[in-house]
2 protein chains.
Amino acid sequence: MFSNRIMGVPKSFIREILKIAGDPHIISFAGGLPNGSLFPMEHLRAATERVFEKGEPGIMQYSNSEGYYPLREKIAERYRNSSNINVNPDTILITNGSQQGLDILGKVFINEGDDIIVEEPGYLGAIQAFATYSARFNAVPVNEEGIDLEKLEQTLKGTSSKLIYVVPNFQNPSGITYSNENRAAAAALIKEAGMYLVEDNPYGELRFAGTHKKSFFEFIPEQTILLGTISKTIAPSFRLGWIAAPDDVFEKLLVAKQAADLHTNYFSQRIVEEFLSDYSLDKHVEKIRIVYGEQKAAMIKAIEKYFPPEVTYTNPEGGMFIWGTLPKGLSATELFNRAVKKNVAFVPGDAFYVNKTDLNTFRLNYSNSDKESIEKGIEILGQCIRGML
Amino acid sequence: MFSNRIMGVPKSFIREILKIAGDPHIISFAGGLPNGSLFPMEHLRAATERVFEKGEPGIMQYSNSEGYYPLREKIAERYRNSSNINVNPDTILITNGSQQGLDILGKVFINEGDDIIVEEPGYLGAIQAFATYSARFNAVPVNEEGIDLEKLEQTLKGTSSKLIYVVPNFQNPSGITYSNENRAAAAALIKEAGMYLVEDNPYGELRFAGTHKKSFFEFIPEQTILLGTISKTIAPSFRLGWIAAPDDVFEKLLVAKQAADLHTNYFSQRIVEEFLSDYSLDKHVEKIRIVYGEQKAAMIKAIEKYFPPEVTYTNPEGGMFIWGTLPKGLSATELFNRAVKKNVAFVPGDAFYVNKTDLNTFRLNYSNSDKESIEKGIEILGQCIRGML
C-alpha cells in the first residue's frame with residue numbers, strides 16, 4: 001500500500017538511541033540538543049506578553065505562506081551584521097525549522113533517482129529528507145580542511161547533480177569547519193557545474209574560537225541557497241527556520257510551502273520578531289558561546305586524560321559536536337553497546353553515512369551536559385574503549 | 001532544474017484572488033477565514049501565561065515527532081465526547097494544521113501516477129498537496145445527498161486507487177453534508193475496494209442546524225484515516241492539526257513527519273493543551289455556531305432577495321460556505337471580473353475542479369463578514385448577475 005519513497009527512507013536508529021538516552025540515569029552525549037538552561041525564557045515571556053498586549057485578533061488568524069515580513073527583514077539584517085552578506089528579505093521563506101527547508105528543497109528539485117551530493121559523514125536529517133524524494137546520494141568526504149576537493153571534482157564529472165548539500169561551519173556530525181580557501185575552491189567547481197549549493201548553517205553563530213569564515217553566498221550568490229534556524233541561538237520549540245534563495249527558486253519554494261502546510265505558525269513568528277526587536281541577540285549568543293566553549297574544553301580535557309592515545313578526535317572551534325575515530329577494526333556500535341550498559345550514550349558513526357555500516361567513528365555532543373557529567377561519561381567511555389583494545 | 005512534480009502543481013489562482021480580496025475596500029466572500037472576533041484571545045493568553053509560569057525550560061526545547069501526549073489524549077477524548085468514537089491517542093500524530101496531514105499522507109502513499117479519488121468540486125489544498133506527489137486524480141461528483149454512489153462504484157472498478165479523500169461535513173467548497181445512508185453505502189464500496197478513506201473534518205463541529213452525522217470511522221475503522229484541526233474551533237495561527245490512523249499507517253506517517261520537520265511547534269502544543277484543560281471548548285464552539293448560523297441566514301436571506309431566481313445555491317447546516325450555480329452558459333469567472341470592479345470578491349468554481357474551466361459555479365464564504373456587508377455584497381453580486389443574463 002505504501003509509496004516506494006517511504007519504504008526507502010533509512011530507519012532512524014538515532015531515534016532508538018535517543019529513546020535509550022532519554023533515561024535520566026544515562027549520561028547522554030547522543031542528542032543534538034541545545035543547553036536548555038540558556039534559553040532566554042524571561043525575554044521570550046515578555047515578548048509574548050507584548051504580542052498579546054497589542055490585542056490584534058490577527059495574531060491568531062491565518063497568515064501568508066512567505067512568513068511575517070518584519071521577521072524576514074530582521075533575518076536579512078542579521079545576515080548583514082554578522083556575516084556581511086546582503087540577502088533580500090523578499091526571497092526569504094519562513095519554514096518550520098530548517099528541517100522543513102530540506103523537505104521543501106527536496107520537493108522542488110528532486111525527481112526520483114536524481115543525483116545529489118552530500119557530505120560524508122553528513123547530517124542524517126538531510127539524508128532522510130532527500131530520501132523521501134528518492135534521491136540518489138553521492139557522498140563526498142569531509143576532512144579538517146573542508147570538503148575533499150579531488151573527490152568533489154570527480155563526483156561532479158561523474159554525475160549531473162542538481163544540488164550539493166553542505167554544513168560548512170562546525171559540521172554535524174564531525175564538528176569540522178571548511179577553510180576559506182577550501183570554500184573558494186569548492187565554489188569555483190560548483191560555479192562551473194551550474195548547480196545549486198545548499199549551505200545549512202545552524203551552528204555558525206556558535207563560534208567560541210578562531211575566526212569567522214566566508215559564506216558560499218560571497219563566492220556564488222546566484223547558486224547558493226541558505227538555510228537558517230533559531231533553534232540553536234534562541235529556542236528549538238518554535239520550529240522557526242528559513243530558506244533564502246534566488247528569485248526563481250523562491251517562487252517554486254513558495255508553491256511547495258503552501259501545499260505542505262499553508263504557512264508557518266504565525267503566533268510564534270510574531271513572538272520571535274518581538275523578541276528580536278527588544279533584546280540583543282548578540283549578547284545572548286555570546287553567553288551560549290562561552291558556555292559551549294567551556295563544555296567543549298572540558299570534554300577535550302577529559303578525552304586527553306581518559307581515552308587511549310590511539311583514538312583520534314576533532315577539536316571544533318564552535319558548534320556542538322566532537323567526532324571521534326577508534327583504531328581501525330574496532331566498531332563504534334560495539335562501543336555503544338558496552339557504554340550503554342554503563343549508562344553512557346553517544347551516536348555511532350554509521351548513522352551519518354549513506355551506505356556504510358560497522359564503522360569506527362562516533363559523535364559526541366557536549367552542549368547538553370555539565371562538566372561533571374562530561375568528565376564522568378568520558379572516563380567510562382575511555383574504560384570501554386580500553387576494554388576493546 | 002526543477003522537479004516534474006512542482007511543475008505539475010496547479011497554480012493557485014485562489015492566492016491571486018485573496019490578494020485582491022485583501023484590499024480593505026472590498027467586501028470579500030472569497031477567503032475561508034474563521035471570524036477573528038470570536039478567537040478566545042483572553043483564554044489563550046491566560047493559558048500561555050500558565051505555561052510560562054511552570055518555568056520548565058522544556059517548553060522551549062526540541063520535542064518528539066508524535067506530538068505532546070496530553071494533547072493527543074485530549075483529542076481522543078473529544079472524539080469520544082462529540083462523535084462517540086474511540087480513537088487511540090497513541091496513533092494520533094500532531095501536524096502543522098491538517099494541510100500538513102495531507103502532505104504527509106501524499107508522501108506515505110502516493111507513487112508517481114498513482115490513482116487517488118477526490119470529490120468534485122473538492123478542496124483545492126488537498127489537490128495541491130497530492131499534486132506535489134504526482135497523483136492521478138479521479139474526480140467523483142458530490143451532491144446534496146453526499147458522494148455520487150454510482151460514479152464512485154464506476155471509479156472504483158476503473159482504477160486501483162489507494163486513497164479516497166472526502167470532506168463529508170459542510171464540504172469545502174459546496175457546503176453539502178453526506179447523509180448517514182450515503183456514508184453507509186460509500187463505506188461498503190470502499191470496504192470492498194480495500195483502500196483507505198481520508199475523512200477531513202475541519203468544519204464538523206460548526207453545526208448550527210440539523211443532526212450530527214456518523215463518521216466513516218464508525219463504518220470502516222480499519223480503513224479510515226481522520227484529519228482534524230483546531231483552526232476553525234480555536235485559532236488557525238498555531239497551525240495545529242492531527243492525523244489519526246491505523247497502527248501500520250501511523251508508523252509510516254511518523255517517519256514522514258520526522259523527515260518533514262522533526263516535530264510540530266511544541267510551545268504552541270503546550271498552550272493549546274493548557275487552554276483545553278481549563279476552558280470549555282463546547283461553550284466556545286457554541287458561540288461560533290450561533291454567529292455563523294446568523295451570518296449564513298443573513299446571506300441566504302439576501303440571496304433570496306437579490307439574486308435572480310435562475311441562480312441555485314446550497315443551504316448548509318454548518319460550516320463556512322454556500323455554493324452557487326449560475327444558469328447554464330454563464331461564467332462565474334466573468335461574474336468575478338464584474339463584481340471586483342464593484343468591490344465584491346468571491347471564488348469562481350474553477351478553483352475546485354481538477355481539469356475543468358469556465359464553470360458556472362462559485363463559492364461564497366459567510367463566516368468572515370458582518371451582516372451589513374453580507375447584505376450589501378450580495379445585492380451587488382445580484383446586480384452583476386442580472387447584468388449578465
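Protein chains get the first letters and strands the later ones, always in sequence-line order, with residue 1 at the start of each. Atoms considered below: every heavy atom in the structure, side chains included; atoms not considered: hydrogens, waters and symmetry mates.
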*With under 30° as parallel and over 60° as perpendicular, where do the rings of Y279(B) and H284(B) fit, or are they tilted in between?*
tilted
Among the options [options], pick out the one with the most heavy-atom pairs lying under 4.5 Å from chain B.
options	result
S268(A), P236(A), G55(A), A256(A)	P236(A)
L163(A), V51(A), T132(A)	T132(A)
K162(A), R270(A), Q99(A), R45(A)	R45(A)
E56(A), E42(A), E53(A)	E53(A)
T264(A), L44(A), L102(A)	L44(A)

*Would you please indicate yes or no on a ring centroid separation below 6.0 angstrom for F267(B) and F52(B)?*
yes
*asked:* Ring centroids only, cut at 6.0 angstrom: are Y123(B) and F352(B) within range, meaning strictly under it?
replied: no
*Could you tell me whether R5(A) and E112(A) make a salt bridge, using a distance below 4.0 angstrom between a side-chain N and a carboxylate O?*
no
*asked:* For D248(B), is there an ion pair with K252(B) - N to carboxylate O distance below 4.0 angstrom?
replied: no
*asked:* Has D261(B) got a side-chain atom pairing as donor or acceptor with G97(A)'s backbone, closer than 3.5 angstrom?
replied: no
_Main-chain N/O of M320(B) paired to N365(B) side chain as donor or acceptor, under 3.5 Å_ = yes
So what's closer than 4.5 Å to chain B heavy atoms on [X]: side chain, backbone, both or neither?
X	result
I59(A)	both
S63(A)	neither
L253(A)	neither
F130(A)	neither

*asked:* Ignoring hydrogens, what is the shortest heavy-atom contact between L240(A) and L71(A)? Give both atom names and the distance.
replied: CD1-CD2, 4.3 Å
So which of [options] has the largest heavy-atom pair count under 4.5 angstrom toward chain A?
options	answer
Q269(B), Q100(B), M60(B)	M60(B)
S37(B), A126(B), A260(B), G58(B)	A260(B)
L38(B), V249(B), N4(B)	N4(B)
S65(B), S231(B), A259(B)	A259(B)
N265(B), I110(B), I271(B)	N265(B)
L33(B), I234(B), I104(B), N64(B)	L33(B)

*Apply the ring pair (Phe, Tyr, Trp, His ring centres under 6.0 Å) test between Y266(B) and each candidate in Y69(B), F238(B), Y68(B), Y62(B); give the one that qualifies.*
Y68(B)
*Could you please spell out the steps behind the salt bridge (charged side-chain N to carboxylate O under 4.0 Å, His left out) verdict for E49(A) and K54(A)?*
CA-CA 9 Å; E49(A) 192 52 39; K54(A) 291 177 185 169; over 6 Å; no
_Segment of F109(B) engaging chain A (4.5 angstrom heavy-atom cut-off)_ = both
_Toward chain A, the part of I230(B) with a non-hydrogen atom under 4.5 Å_ = neither
*Report, as yes or no, whether the 6.0 Å neighbourhood of atom CZ on R136(B) holds more than 12 heavy atoms from other residues, nucleotides or ligands.*
no
